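The structure appears right after this line, and notes come after that.
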There are 2 protein chains.
Amino acid sequence: MIADPAARQDIPDATVARLPQYLRALSDLAERGVASVSSEELAAEAGVRSANLRRDLSHLGSYGVRGVGYEVEMLAHEITRELGLAQDWPVAIVGLGNLGHALAAYLGLATRGFQVVALLDRDPDVVGQEIAGMIVGSVGDLERIVTERRVAIGVIATPAVSAQEVCDRFVAVGVRSVLNFAACVLSVPEGVDVRKVDLSTELQILAFHEQHKTPAAQERMPLLEVAP
Amino acid sequence: MIADPAARQDIPDATVARLPQYLRALSDLAERGVASVSSEELAAEAGVRSANLRRDLSHLGSYGVRGVGYEVEMLAHEITRELGLAQDWPVAIVGLGNLGHALAAYLGLATRGFQVVALLDRDPDVVGQEIAGMIVGSVGDLERIVTERRVAIGVIATPAVSAQEVCDRFVAVGVRSVLNFAACVLSVPEGVDVRKVDLSTELQILAFHEQHKTPAAQERMPLLEVAP
DNA sequence: TACTGTGAAGCTATTCACAGCG
DNA sequence: CGCTGTGAATAGCTTCACAGTA
């Protein structure tokens, strides 16, 4: 393994999806002053099995020490690098309803690795407002703003009916990573990644499991002891 | 449990996770007045392969007609029933910051199958406010309110530091389905389902793929033709 | 010794390809 | 015929169990 070892494109998707959890667990440990963890401890912290964690980390390289564990700071650094969070990715959010507003506020402070560089909305009453320290621009200027500010990731928080159009315009000016909060499937050309976050899908999955739980377990009233 | 044909607990998780998408696709088709679809068409609408769709639907039963396809209304009805959306599940949202506010507004109108019956916050300035047509209660009354209003699904939109406590209190009064928006892993006993929605995880996954795309494809400037 | 990294096994999910049926 | 439903093949992921090592 040399420097950046031969552009490892062989990391499984399932592993990539867990790396952020490991990174968060490592950050927590680092804040608590922990310097070293075993796979068992880190796995517990991240909510996975230790064998799974070790397999995942083995895809990144050999960063553990047998008989000891992993050095927290070093492993966090390696995962940060692998995820591409050593730099700040410029993000644009389109659609500043309740959800877009919340996303702007959240991204404005909570997340390392990303920087919100544009907020865009269609409503003339919203354009010009300041949200999370940034002035909302007009979605009509999307192409210019995305290009000028080198936006790499587009976040779509518009109603479903507008989402495909916004997506197409992002893609047309070179954005190849899209996070979609609208309740619809987006069509994109080869090479563009779309991830969908959908509240109602998540609730519906919970409802399915809730419905299929044993009725007996559903009688919960006797468990309660109301505080005086 | 009889009535529901042979308590089919054998529906794979991956299939359950796609049923909401099929349901949405079917709703769209129904609104457009389409009465019947082939697996090919419905799969395209939902963004999956047709073989995958047919396999998924086969877990629910045999609701198609060979040589013809699926009747839109009937299939939508079957999926609705299977997901447990024929009834309305009572939902409580805890934490009414920007995100909780957005969730309350979204659930207040957009979703069938769920009804927000409680909004709770810890901040005395927020308690008593009206959000999405509902008065915010105090998180101190969580046990009483959850019990009285028969809450089945708890939505946690608090800061990470409070999430585990809120979750424990939900579980203690019998809630067994939790949707967690806080950036932490929740520990729950056997029989309780937690689903996590995490914006920064999603962005980090996009960043990983963005970073691993070919540098050549990253030169997007020449593609732009600025509107005059 | 106490742990990691990994071959091998087992399991789950997807896709192919076609028999079977309206 | 044209489509669904499904056996069989394939691909991908997780877990076991232990050899290897600081």
Side-chain angles (χ1 to χ4, degrees), chain A residues 1 5 8-22 25-26 29 34-76 78-79 82 201 205 208-209, chain B residues 5-6 8-22 25-26 29 34-76 78-79 82 185 205 208-209:
Chain A
M1 179 161 54
R8 48 174 83 269
Q9 197 52 283
D10 57 332
I11 301 182
D13 284 349
T15 295
V16 173
R18 282 185 294 267
L19 291 180
Q21 300 180 52
Y22 301 155
L26 288 165
L29 289 168
V34 179
S36 173
V37 275
S38 67
S39 63
E40 204 68 56
E41 294 163 332
L42 182 54
E45 199 78 17
V48 302
R49 307 293 185 100
S50 63
N52 206 344
L53 171 70
R54 290 200 301 279
R55 173 77 66 199
D56 285 342
L57 295 184
S58 77
H59 291 295
L60 307 188
S62 209
Y63 296 121
V65 180
R66 287 165 199 250
V68 178
Y70 301 88
E71 209 230 296
V72 171
E73 292 284 2
M74 192 259 262
L75 186 54
E78 288 305 329
I79 293 178
E82 191 62 54
T201 295
I205 294 169
F208 172 87
H209 292 294
Chain B
R8 46 178 84 269
Q9 196 51 283
D10 57 332
I11 300 183
D13 284 349
T15 294
V16 173
R18 282 185 294 265
L19 291 180
Q21 301 179 52
Y22 301 155
L26 287 166
L29 289 168
V34 178
S36 171
V37 275
S38 66
S39 63
E40 203 69 54
E41 294 163 333
L42 182 54
E45 200 78 16
V48 302
R49 305 294 186 98
S50 63
N52 206 343
L53 171 71
R54 290 199 302 278
R55 172 78 66 201
D56 285 342
L57 295 184
S58 76
H59 292 296
L60 307 190
S62 211
Y63 296 121
V65 180
R66 288 168 198 248
V68 178
Y70 303 88
E71 209 231 294
V72 171
E73 293 285 2
M74 192 258 264
L75 185 55
E78 289 305 328
I79 294 178
E82 192 60 55
V185 176
I205 294 169
F208 171 87
H209 291 295

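Just so it is clear: chains get the letters A, B, ... in the order the sequence lines come, proteins before strands, and each one is counted from 1. All of these numbers come straight from a predicted model, not from anything done at the bench.
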Inset, instruction - Would you kindly compare B:Thr15 and B:Arg54 by the position of their nearest DNA chain C nucleotide and give the one closer to the 5′ end? - result: B:Thr15

Inset, instruction - Tell me which residues in residues 34-41 of chain A put a heavy atom below 4.0 Å from DNA chain C, sorted by number, or none. - result: A:Ser38, A:Ser39

Legend entry - Shortest non-hydrogen separation from A:Val48 to A:Arg18 and the atoms involved: CG1-CD, 3.9 Å

Legend entry - Nearest-angstrom distance from the residue atom CG of B:Asn52 to P of D:dT4: 14 Å

Legend entry - Exercise: identify the closest heavy-atom pair between A:Leu26 and A:Val37: CD2-CG2, 4.5 Å

Legend entry - Exercise: identify the closest heavy-atom pair between A:Tyr22 and A:Ile79: CB-CD1, 3.9 Å

Inset, instruction - Please check the phosphate of D:dA17 (OP1 and OP2 only) for any side-chain N or O of A:Arg55 closer than 4.0 Å. - result: no

Legend entry - B:Phe208 versus A:Glu82, closest heavy-atom pair with distance: CD1-O, 3.2 Å

Legend entry - base_contact_polar (C:dT4 base, A:Arg66 side chain, donor-acceptor, <3.5 Å): yes

Legend entry - Nearest-nucleotide 5' precedence on DNA chain D, A:Gly67 against A:Asp56: A:Asp56

Legend entry - Rounded distance (Å) that lies between atom P of C:dA2 and atom OH of A:Tyr70: 18 Å

Legend entry - Shortest non-hydrogen contact from A:Pro20 toward A:Val16: CD-O, 3.1 Å

Inset, instruction - Return yes if some donor-acceptor pair links the side-chain N/O of B:Glu41 with the main-chain N/O of B:Ser38 below 3.5 Å, else return no. - result: yes

